[in-house]
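First comes the structure, then the notes that go with it.
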Number of protein chains: 2
Amino acid sequence: MTDPRSASASPPTSADVARRAGVSRATVSYVLNGAESSARISEATRARVHAAADALGYVPHAAARALRAGASRMVLMSAPHVPAGPLYARFAHEAQSALRLLGYTVAHVAAGAAGDTGIPGVTGIPGVTGDDGGTGASGNEDGTSVDVRAWAELRPAAAVALPPTVLTPADVTLLKRAGTRAVITVGPPRVAGAHSLTMDQREVGSAAVAHLVERGRRRVGVVVPAEPGLDAFARPRLAGAHAAVAEGSGGGADVRMTPLPLALTEESAAALAARWPALGLDAVFAYNDEYAVLLLRALQDAGVRVPEDVAVIGADDLLAARLTRPRLSSVRVEHASGADFAAYVDELVRSPGARPRRRRAMTVSVTARDST
Amino acid sequence: MTDPRSASASPPTSADVARRAGVSRATVSYVLNGAESSARISEATRARVHAAADALGYVPHAAARALRAGASRMVLMSAPHVPAGPLYARFAHEAQSALRLLGYTVAHVAAGAAGDTGIPGVTGIPGVTGDDGGTGASGNEDGTSVDVRAWAELRPAAAVALPPTVLTPADVTLLKRAGTRAVITVGPPRVAGAHSLTMDQREVGSAAVAHLVERGRRRVGVVVPAEPGLDAFARPRLAGAHAAVAEGSGGGADVRMTPLPLALTEESAAALAARWPALGLDAVFAYNDEYAVLLLRALQDAGVRVPEDVAVIGADDLLAARLTRPRLSSVRVEHASGADFAAYVDELVRSPGARPRRRRAMTVSVTARDST
DNA sequence: TTGAAAGCGGTACCAC
DNA sequence: GTGGTACCGCTTTCAA
């Protein structure tokens, strides 16, 4: 039971516990951390210490411990700027659980715009940043974003940049310099001095277009979300679509590609559908099942027949793709399991000397249904 | 420019910077924190310090600073166990940005199952936890979950429990005892010694059922997701539905309520639709637009007419609700803005003495379309 | 079996 | 204008 007069006084320290138990701080540390190395503490003493700690509601101070230990067991992962898709969220969550099982404390921290560096006294409120008269706020004129400084200050064991976050080589250098044992980027395969888990969204575009070409389509529209936050995914998917035709996966057939900006609103979809005949397309890859469903509906309302007039394929294989008529074909994305990822991180933390490597973290396949 | 021979050596400390700049650690601290109180440092010295810090890639150690300062500017927020909905994600993200603007470092940490306490040496790997022979792992027989201990160890300025996370009174006590200035629960209005932002999902159920009753429906089915992770939202929504009829919002009309378990799969929906006639319902509130779309489709495939035979209403007003035929009515949920929330947190941190209060963080309204 | 003491990296008070 | 220096809370030798 925690002491009733809770809130007020300052948090109990190990010294408080020691005093209450009538022992030294060292003994408290031994008992509470309970490693085999300190098995030589009398049962009675241990009981007294535990009782005192409980009574006081003692919780060790992570910062003090980390400071003393020199290394933390914290894994920092970037939090997505935008509401991410469900499969993506699942991956992040799985990874988090698996890492905790390995003894790491996982924290998702925003990788967003500048602001502050977490300094107790100095807030990021506009107007405060200019007052140090030096050569600029805090150095880092070389492109290192402020967020990464905040990360480095936390001295994590590992730092994981999930898309759409990107790390510059300078970011990686800074983190490593700060003792981060594993710096990992997940996403596009650009190396940067960091280890990486490739999750190349281009493959999604390639697979979609390859499928359409296989089905005999030659004039392919590619929906590009107007929503800015999706760029990090959308651009590579479009690029992959282009790459597919460049490599001539259609057996040398000459395929025409048309990017189609589309916002996630009915109006936008209706507008696109209205000018559809003029576009002269016989297929469309819609970035995502969500966009695909929206477009499909608008096309049908405009009298365009799917798949007769135009083949439609989405991606991510969401439930929504199975609920339309016709049922939507989709590029299914299979992520590496969170457990695998966690093991990878752990391995890297243990042997930080290892040369940066790349691993595939994603495989794609086409689920063909009735819309193509 | 950061030093090329990056990775190897241990991270530079302020002492390293001092040595390189030929000054004392105190001076380094003054220059780098650049408060007006230290305006009496010569311009030349400041330049030398900055240059040294840059050259070394120096980043202050957050733990050391927090230790010294006694208080951190960290806000801990629970990360959802399950992929949360988009509006919810938006709220979380907005809050995060706004808090950063106020000078806080926000970290989302999992509030999941037990495991470890982040202790450097001791992992949570099965088999390691039993070896301290005491009265149990680390005390806490009173229900305080392990996660909260991990939170408390980090000595955050504020702790925010987002649904579906719940905090017990013991959790709250522990956190406050650890110096957390603001402990806030967002979600169901149970107070617990903590401040709270009520976001009562029951209102969603009430609004939906009230709408259906108003439309003259009397035998109402309520879809309850079979997915376990959604309980925290689903249960209160169902409860709210019941409450609506109990309070007789239908003007004393006697309304029958039937819970309908449904998994987010076509099979499950088809099965439910198959036994629909036997259920004798004239309306259904489907938890969510996602479930509503799924059910709507299955009902239509089974020959049930919407809204003639049965009125269907969803919730969350997702885009999907506007893409079905008929278009789906939905309970729209309006969250408090992230900025408001951030301001609330900040206020609480500044005046931790304040008595626990409740605030509404959500308002609901029905968007009537063609399905009811 | 237990205690004393030296730091981990930063900050800030008080001298010089 | 700058440099000592005493902490913050915890871990971990080394003695006793």
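A note on names: the letters A, B, ... follow the listed sequences, proteins ahead of strands, and every chain is numbered from 1.
When the nucleotides C/dG9, C/dG3, D/dG1 are ranked by their closest atom to the side chain of B/Thr13, C/dG9 comes out on top. For B/Ala26, counting side-chain heavy atoms from C-beta on, the closest listed nucleotide (D/dT2, C/dG10, C/dA12) is C/dA12. Checking C/dA12, D/dG1, C/dG3 against every side-chain atom of B/Ser42, the shortest atom distance belongs to D/dG1.
Residues B/Ala64 and B/Gly22 each lie close to DNA chain D; by heavy-atom proximity, the contact nearer the 5' end of the strand is made by B/Gly22. Summary of the strand contacts: B/Val23 and A/Ala15 both lie near DNA chain D, and taking for each the nucleotide with the nearest heavy atom, the more 5' one is attributed to B/Val23.
The side chain of B/Tyr30 contributes no N or O atom lying less than 4.0 Å from OP1 or OP2 of C/dC13. At the phosphate of C/dT11, OP1 or OP2 sits under 4.0 Å from a side-chain N or O atom of B/Asn33. Close to D/dG3, at under 4.0 Å from its OP1 or OP2, lies a side-chain N or O of B/Thr27. Residue B/Arg40 has no polar side-chain atom (N or O) positioned under 4.0 Å from OP1 or OP2 of D/dT2. Contact between the side-chain N/O atoms of A/Ser14 and the OP1/OP2 oxygens of D/dT11 is not found at any separation under 4.0 Å.
Interatomic distance, OH of A/Tyr344 versus CG of A/Leu99, reported as 13.0 Å (0.5 Å rounding). Residue A/Arg65 holds its CZ atom at 11.5 Å from OG of A/Ser72, rounded to the nearest 0.5 Å. Atoms OG1 and CG, on A/Thr180 and A/Asp171 in that order, are 11.0 Å from each other to the nearest 0.5 Å.
Among the atoms of the strands shown, base atoms are found under 4.0 Å from some heavy atom of A/Ser29. Across all strands, B/Val28 comes closer than 4.0 Å to no nucleic acid atom at all (heavy-atom distances).
Minimum heavy-atom separation, A/Ala339 to A/Ala98: CA-CB, 3.7 Å. The minimum heavy-atom distance linking B/Val59 with A/Arg149 is given by the pair CG1-O, 3.8 Å.
As rounded to whole Å, 6 Å separates atom P of C/dG10 from atom CZ of A/Arg155. Regarding A/Arg19, its CZ atom lies at a distance of 13 Å from the P atom of C/dA4, rounded to whole Å. To the nearest angstrom, C1' of C/dA12 lies 12 Å from CZ of B/Arg25. Going from atom CZ of A/Arg73 over to atom P of D/dT11 covers 15 Å, rounded to whole Å. Look at CG on B/Leu67: it is 14 Å from C1' on C/dA12, rounded to the nearest Å. Distance, A/Arg48 CZ to C/dT1 P: 14 Å, rounded to whole Å. As a whole-Å value, the separation of B/Leu32 CG from C/dG10 P is 10 Å. In this structure, CG of B/Leu154 is placed 16 Å from P of D/dG9, rounded to the nearest angstrom.
No N or O donor and acceptor, one from the side chain of A/Arg68 and one from the base of D/dT12, sit under 3.5 Å apart.
Contact check on B/Arg350 versus B/Asp346 returns a salt bridge, with a Lys/Arg side-chain nitrogen under 4.0 Å from an Asp/Glu carboxylate oxygen.
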